[in-house]
Structure formats: C-alpha cells, structure tokens
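Data block below; observations after.
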There are 2 protein chains.
Amino acid sequence: MATIDDVAKLAGVSIATVSRVFNNSPWVSEKTREKVLKAAEELGYKPSMPARSLAMKKTNTIGLIVPDISNPYYAEVVRGIEDVCNIYKYNIILCNADNKREKEFQYIDMLKNRWVDGVIFHCDYFSEEHYEVFKNSNLKVVLAGRTTKFDVPYVGIDNFKAAYDAVNYLISLGHKRIGIIHGPLDDMKETIDSVDRLKGYKQALIDNGLTIYEELIKEANFKYKGGYKAAMEMLKGEITPTAIFAISDIMAMGAINAVFDKGLSCPEDVSVIGFDNIDLSEATRPALTTVSQPMYEIGAIAARMLIKIINGEEINNSQIILKHKLVLRNSVVPLRS
Amino acid sequence: MATIDDVAKLAGVSIATVSRVFNNSPWVSEKTREKVLKAAEELGYKPSMPARSLAMKKTNTIGLIVPDISNPYYAEVVRGIEDVCNIYKYNIILCNADNKREKEFQYIDMLKNRWVDGVIFHCDYFSEEHYEVFKNSNLKVVLAGRTTKFDVPYVGIDNFKAAYDAVNYLISLGHKRIGIIHGPLDDMKETIDSVDRLKGYKQALIDNGLTIYEELIKEANFKYKGGYKAAMEMLKGEITPTAIFAISDIMAMGAINAVFDKGLSCPEDVSVIGFDNIDLSEATRPALTTVSQPMYEIGAIAARMLIKIINGEEINNSQIILKHKLVLRNSVVPLRS
DNA sequence: GTGAAAGCGCTAACAA
DNA sequence: TTGTTAGCGCTTTCAC
C-alpha cells in the first residue's frame, strides 16, 4: 500500500502538498496538483481512512442499530438510510440488537469506541436508560421509527392516530365487533408501537360509542404464526369479530389464513386490515388493506437529519412525525347487513 | 474522551503498560493491572479503534456488498453474516450495490481505503473484471450465494441441480407442460442463478423425454409484478402450462395470483413451485412449495470462512456448495388425469 | 515487569 | 504556494 510519503517523494513535493491535493485545498498550483495526481495514480495511492480519521477525529461513519435486519420493515428503513448516506459519502456499520437492552448497550459502546460520527437508533422503546447512555456517550443520535418524550431527535409516525384511523375506517363500514392483534405491551409505556396503537384502537371504539370487548384484544409476537394463532383464538371465542386489525402486515397475513382455516372467507365474513404496507402486502389474496408507514422515508429522513446534526447545521424541527396513509385493497369490505 | 495518556498519568504508569493491560498481555503484575483498570474505569476510558487500527493495520471490520438489503433473501443472508461477525468481534460495513458494476467497484475501492480486513461479496455474476479488481486490491474476499470458475472462495448452492430437482419433481407428478419464469440471463454466462436454473430446467425436461416449449420460458425481473405478468402471458398463450417453476418465491407469488386472476385455481389447474423459501412463503394460500436455499447459513458460513482467512488459518475447502432442499407445501399437486 | 521512544499515515498550524 | 513539524491515540520493539 502506497502511503502519502511515497507519493510525495515520487512527485517531488512535501506530504503537506499531497494532503492538500487530496483535500481539494485551493492553495495548490495546477501544475503541482497534476504532478501529485499523476504520482498517486502511478502508485495506486488512496488516502487511508483510519489515518485520516485519527488525525481529523472524524470517521465518516454512521452506526446503525436495528432490532433485526431480516425483518422486511427494518430492511426497508435501512435501505433508505443507506441510500442517503451513500450520497453524502458516509458509510454504515450495521448492528442487529434484537431489541435486547444488553446488546444495544454493547453496540453503543462499540460504536463510540469506533468514533462514529453519529448513530441512528431503532428500538421498540426508548427508555430513560437509553437517554442517559446516549447523553453520557456524547454520541449524536437520531431515532428512526420511534418517538420519545425525551429531548432527542426522531423521525416517526403517529401510531395512535394511525390505529385510530384504521379502526375508524372499519367502523365507518359498519363493523362493530372489531378485534385487534397487537404486539408485546411492556408495561403499557408510551411511544411503544403496540401500546399507542392499542390506545388508538380503543379510543376509536369509544368515540363511536362501541363496546370494547376484552376477548377481541389479543397479543402476538409480530410474526406470521403469532398473527395466525391470535386470530384463531379470537374466531373460536364467544364473541367473534367481523373485522380484525393486526398491527403488522405479517400478522395480518396470519389472520387472513386463520379466517380461511376456520372455514370462513375474507373479506366477506371477516375483514382484515394490516399495518406497515410491506412490499408483499399486495401479493396476498385478498390483497391486504393496510396502514402504510413510509419506511424508506423514515430511514432517509433520519439519515439526512443526522448528517445535518453532524455538520452542525441548523435544524428547525428535530422531532418529525411523518404521515401514515390508508391503503385500500381487498381485505376489507363493508359489514354485510 | 479520555486517552491512554490520561489513564497512564492517573494510574502512575507508562502508556505502554496501559496498552499491555488492554491487550491482555501477560507481562503485567496483578497489582498494576488493577491500578490501570481502576483508573480507566474512573475516566471511562476505552481504546480508540481508529488509533488502534492505524497502529496495528487491522480494523476488525468486514465490508459487505449486497445487491439490495430490502430484498428478503439478502436480508436473511446478511443476518447470518452479522451474527457470526458479532461472535468474533468483527463489525460490518453495509453496502447496497444494486448489481451495478460501477457502484460495486466504488464500494470495493472505499472498503480498501478503509482497510477493512476482508469483504463478503454478493452479486449476480462474478466476472473476470471483478476477479482482477479484487486481486489487485489485495482484499481478502469470499463470495456469498455465488459460485465462480475463478480461484476465489465462495459459499453457494448448486443452482443447476436445484432447478433440475424442482422440475423433476413436477415431472414425477405427471406434469408435461411445465413453464419457467426466470430472471435476466446476461448473455447466458455461467454461474448466474437464472442461467444455471434455466439449464437445469431444460435438462430435466430432456432427460425425461419431454418437449421444451419456448412459449413456456419467460423472463421477469425477480419482483412480484414481474412474476405475475410472465405467468399471465404464459397462461394466455397457445400452449398452457399445468405447472410453473418460478425461480424466486416472490415471482412465484405473482404467478399464483395470475393463475387466480385467469379464473383458474392453484394448485388444481396449475401447480406453482418457487425458489428460496423466504419466510413468507408459508403465508401464501396455497402455501408455497419451493426449493429451499439455506440463506442464513450461506451468510454465516461465508463469514466464518472469511474470518478464518483473515486469521491466516488453514482452510481445507474454500469453495463450498451447500445443500438445497425441496419444501413440499400446497401449491403443487399431481397432474389431474 | 515496566518505561522510553519510534512509528502507523494523515492533517493542520505555522513559517517561509 | 509550498514545506516543516507537531500532533491524533495507540502498539511495539528494545532497554532497563
């Protein structure tokens, strides 16, 4: 590997000049610039990032902590992040933390030791402990897909409102017995997707003067099988739903198949609405009606925000709520009278 | 940020000693080790990776180039990679190259400048140019999900055999008019998934004395809609298939829905078999019969191999073919007589 | 066992 | 415009 010294020697200049050339400093004559570039070319020289990082205390690297990259939702968010980082010449260190606190803190520690310029953090719940850890670490951070009461930049959606809208839509179609399949609630803390969406669900029922049936509220694990099982239990109960709101598309797919396996049809007997609008939600039959989350944008905007923060640019609003959207397909129909 | 100097001063030792402690050198007395550790603790000191990288010419970082992380197949492979890297204390720099040569070479260049210890490369076709670039770069590399004739380590599957098995299975069930939906062929170069699988398809037909109908061979883009369109065309043709082999699950899902939309039923009228066995292939109705690729293992084994290479360990076989497997679900049935 | 000092490859004053 | 030089924070001989 050729170093800056080699280039300097070959070009007959000092290393400072070589450095200037590679940092596009205007104070180099065109002649020497060419000389240097030619020498560099000849030696196949490119500046060493580790050396540069050490000298500048800047790594052009962003840490990215997500629960699980093999989940299509996170994969899409990450894609958005990577795309804008690529534009701004940042690279990404990917970390799967599985929502485990211990792994998260381990990764945060590691990223700090690596002097990353900032981190984008995606977790199920941003706790006080997280807040403290980040504050003490001096790491610049922005949350993706998560809101918080703490003074930390984030890009998320209004989960309460999104769920409210979904359920309200079902109600407007005449549905009265509406089930929900949510995820783990973790002590009903705020800003957890499941909690806020469950609240939205309940509020929509209340605002429309409908009964809240505890039998129609089921918890699952955000997986296909979990959604299937939860829906099946619901369908076997005393009070059966005419519509089910699953708070992730994957669970909604499970719910649809549970409806089928119960010998019923979807949407005729039971409507099902999902959440996320992952790529494959148009591939199910019936195609899934769902609440669309702008996953790619969440990632892209979070990345852009972080880069601005890193560059010390002014940010007018560092807590951004993106809009959700109802995507109407075929898994929901008006209640048969 | 506390540095090694701060710790040395506070502990009343030299920086060399501090360094020894943090590198678990046996040549430090228990007493001083404790003193140093205590001082470090007090200052919240952790060694700086960039500095260490520069001094040791080792970054504990692996570059990872994939076509597109938002594709469930790659996401799963990456998950496998990340899990074993985590075990061995390596971190991953993620790069999405979209199978674009220019982006790939750009990323390779960047990774080299970053002094990554190695790279795992996943592309649709490993060309001579790739080979040269990697050779000249001195980067250690292993290919994931791809084989090659070049002398480069890889972990892949036998695509020819896998396709052959799938089609053979269909034939054993009595099917004679079997369609295939493949991806871009890129001049029929070898080791491209689509090419090898298409060859396997043809060979299975030939070996069983069946006719190869050009009308039943369609190209698509590996997406849901592409699979849908291709199947639809096939179904509208003169010679209609009784079974379709789509070389990715996502395209298979499109094919199934095309069958439905054509007013036919799957599997009764048309059987469909996919490829990959992504998570959601069990969620379709009918659940997808498919050729399972060990995606997670491809990633995990590639990562382990790369780390061994980095450590200069002996490797008995650096070109590994993993086994595929037919996963029988409900989208394929014997031909109705 | 421990410390002094010379790098690792680069940037950034400060001079010239 | 260009060169000199002192770091950046750490590892690693080589003495002691």
Side-chain angles (χ1 to χ4, degrees), chain A residues 1-40 43-61 89 109-117 138, chain B residues 1-40 43-61 89 109-117 138:
Chain A
M1 287 276 283
T3 73
I4 198 172
D5 287 281
D6 303 328
V7 179
K9 224 160 278 170
L10 183 61
V13 300
S14 75
I15 60 166
T17 300
V18 178
S19 175
R20 284 191 195 99
V21 169
F22 278 90
N23 288 291
N24 294 313
S25 159
W27 290 299
V28 224
S29 73
E30 208 36 55
K31 263 193 181 162
T32 44
R33 178 184 304 281
E34 274 166 25
K35 243 188 342 191
V36 168
L37 253 19
K38 191 162 144 284
L43 296 166
Y45 168 82
K46 290 287 177 54
S48 150
M49 270 298 290
R52 186 176 246 174
S53 295
L54 182 59
M56 312 210 307
K57 289 169 168 301
K58 172 117 171 47
T59 55
N60 269 272
T61 308
K89 302 292 167 216
D109 220 48
M110 177 278 286
L111 291 171
K112 186 186 166 192
N113 303 151
R114 277 186 181 263
W115 290 9
V116 297
D117 298 329
N138 269 322
Chain B
M1 288 278 284
T3 74
I4 199 171
D5 286 283
D6 303 328
V7 179
K9 225 160 278 169
L10 183 59
V13 299
S14 74
I15 61 167
T17 300
V18 177
S19 174
R20 283 190 195 101
V21 169
F22 277 90
N23 288 289
N24 293 312
S25 159
W27 290 303
V28 224
S29 73
E30 207 38 53
K31 262 192 181 163
T32 44
R33 176 182 306 280
E34 272 166 27
K35 247 193 332 195
V36 168
L37 253 19
K38 192 163 143 283
L43 296 166
Y45 167 81
K46 289 285 176 58
S48 149
M49 270 299 288
R52 185 174 247 176
S53 295
L54 180 59
M56 311 209 311
K57 291 171 167 301
K58 171 114 171 52
T59 55
N60 270 272
T61 308
K89 301 293 169 216
D109 220 47
M110 178 279 284
L111 291 172
K112 186 186 165 191
N113 304 152
R114 277 187 181 263
W115 290 10
V116 296
D117 299 328
N138 268 322

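Lettering follows sequence order; numbering is per chain, from 1.
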Assert: residue with more 5' nearest nucleotide on DNA chain C, out of Arg33(B) and Pro50(A), is Arg33(B)
Nearest-nucleotide check on DNA chain C, Leu54(B) vs Ser29(B); residue mapping nearer the 5' end is Ser29(B)
Heavy-atom nearest pair, Leu37(A) first then Phe22(A), reads CD1-CZ, 4.4 Å
Shortest non-hydrogen pair, Val7(A) vs Val36(A), comes out as CG1-O, 4.0 Å
Think [X] has a side-chain N or O under 4.0 angstrom from the OP1 or OP2 of [N]?
X: Ser14(B); N: dT2(C); result: no
X: Thr32(A); N: dT1(D); result: no
X: Lys57(B); N: dG9(C); result: yes
X: Ser48(B); N: dC8(D); result: no

Distance col, row Thr59(A):OG1 vs Leu111(A):CG, nearest 0.5 angstrom, shows 9.5 Å
Among the candidates [options], find the nucleotide nearest to the side-chain atoms of [X].
X: Met56(B); options: dA4(C), dC8(D), dT11(D); value: dT11(D)
X: Arg52(A); options: dT11(C), dT2(C), dC8(C); value: dT11(C)
X: Ile15(B); options: dT11(D), dG9(C), dT11(C); value: dT11(D)
X: Ile4(A); options: dT2(C), dC8(C), dG9(C); value: dG9(C)
X: Thr3(A); options: dT2(D), dG9(C), dT11(D); value: dG9(C)
X: Thr17(A); options: dC10(D), dG3(D), dT11(C); value: dG3(D)
X: Arg20(B); options: dT13(D), dT11(C), dT1(D); value: dT13(D)

### Task
I would like to know whether Lys38(B) and Glu34(B) meet side-chain contact (heavy atoms from CB on, under 4.5 Å); could you show each step before the answer?
CA-CA 6 Å; Lys38(B) 192 163 143 283; Glu34(B) 272 166 27; over 6 Å; no
Could you give the [atom1]-to-[atom2] distance, from [X] to [N], as a whole number of Å?
X: Lys31(B); N: dG1(C); atom1: NZ; atom2: C1'; result: 13 Å
X: Lys46(A); N: dC10(C); atom1: NZ; atom2: P; result: 13 Å
X: Tyr45(B); N: dG9(D); atom1: OH; atom2: P; result: 10 Å
X: Met1(A); N: dG9(C); atom1: CE; atom2: C1'; result: 10 Å
X: Asn23(A); N: dA13(C); atom1: CG; atom2: C1'; result: 14 Å
X: Asp5(A); N: dT11(C); atom1: CG; atom2: P; result: 12 Å
X: Trp27(B); N: dG1(C); atom1: CH2; atom2: C1'; result: 11 Å
X: Arg114(B); N: dC10(C); atom1: CZ; atom2: P; result: 15 Å

Report task. Take Arg114(A) and Thr61(A) through the test side-chain contact (heavy atoms from CB on, under 4.5 Å) and record every step on the way to the result. Result -> CA-CA 9 Å; Arg114(A) 277 186 181 263; Thr61(A) 308; over 6 Å; no
Quiz item: Just wondering, do Arg52(B) and Asn23(B) contact through their side chains at under 4.5 Å, heavy atoms?
Solution: yes
So what does Ser19(B) hit on the nucleic acid, given a heavy-atom distance under 4.0 Å: a base, only sugar-phosphate, or nothing? base
Under 4.0 angstrom, heavy atoms only, what part of the nucleic acid is Val18(B) near: base, sugar-phosphate, or nothing? nothing
